[in-house]
S.K.: 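Dumping the structure here so I can ask a few things about it.
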Amino acid sequence: KAGVTQTPRYLIKTRGQQVTLSCSPISGHRSVSWYQQTPGQGLQFLFEYFSETQRNKGNFPGRFSGRQFSNSRSEMNVSTLELGDSALYLCASSLGWGENTEAFFGQGTRLTVV
Amino acid sequence: DAKTTQPPSMDCAEGRAANLPCNHSTISGNEYVYWYRQIHSQGPQYIIHGLKNNETNEMASLIITEDRKSSTLILPHATLRDTAVYYCIVRVARNRDDKIIFGKGTRLHILP
């Protein structure tokens, strides 16, 4: 079956703009998590959605937001982009609440802010 | 903060077994040990996980000490394609506070 799909793969934005990234989870998966990866900070958890509700949130400013649709697809939005937001943004999907669920990651969206 | 400690880098000769250690001395009774790896510029890939018994799948084996304070990921016959950053993570069986906290990982170099 198809894996986790993230679009676009690459993006260049200007400081001050906003950006929306998309994630389509594996069919049947209801949980979607987002991560930011930078060389300096490594992989950092942004937030997780399950059944269209945000269940968990990392330590990021309010400029970072997300949502999940009824088909489990998720989007994350970053407003008022800063140079430091340049990163690889990764989405992971999993079945959802229950024991022993592993997360499957997409290839990521590489965002460059200039 | 990550609850695991891993060596920053390791080398392994191609064809040999790669043994990657991980310390998780504060692990709780309901926390699983998960391993992921990330090949350059790709998303992390799930490898294996376990609670207290040793586990094996087609990719690797996971050895967890009896006190569960440390574990070892074993890649039985390392190939050049196994060059990646390997992350050891402890994670509660999914609940309200579940999130994957990644540490710095171990950069594994497979030498030809």
S.K.: Tell me, for Q38(B) versus chain A, whether the close heavy atoms (under 4.5 Å) come from the side chain, the backbone, both or neither.
M.R.: side chain

S.K.: Is a donor on one side and an acceptor on the other found under 3.5 Å between the side chain of T4(B) and the backbone of I89(B)?
M.R.: no

S.K.: What residues of residues 80-89 of chain A sit under 4.5 Å from chain B when only non-hydrogen atoms are counted?
M.R.: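 L88(A) fall under the 4.5 Å cut-off.
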
S.K.: Holding to side chain to side chain contact (heavy atoms under 4.5 Å, CB included), I want the full list of residues that pass it with T53(A), two or more places apart in sequence or in another chain.
M.R.: R55(A)

S.K.: Taking the six-membered ring for Trp and the full ring for Phe, Tyr or His, determine whether the centres of F102(B) and Y87(B) are under 6.0 Å apart.
M.R.: yes

S.K.: Indicate, with yes or no, if the rings of F105(A) and Y35(A) have centres closer together than 6.0 Å.
M.R.: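 When the ring centroids of F105(A) and Y35(A) are compared, they turn out to be within the sub-6.0 Å range.
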
S.K.: Does the gap between the ring centers of Y49(A) and F47(A) come in under 6.0 Å?
M.R.: yes

S.K.: Roughly how far, to the nearest 0.5 Å, is NE2 of H109(B) from OG1 of T106(B)?
M.R.: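 With rounding to 0.5 Å, OG1 (T106(B)) is 10.0 Å from NE2 (H109(B)).
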
S.K.: Against chain B, label Q6(A) side chain, backbone, both or neither, depending on which of its atoms sit under 4.5 Å from a heavy atom there.
M.R.: neither

S.K.: Do R73(A) and E75(A) sit within salt-bridge range, that is, some charged N less than 4.0 Å from a carboxylate O?
M.R.: yes

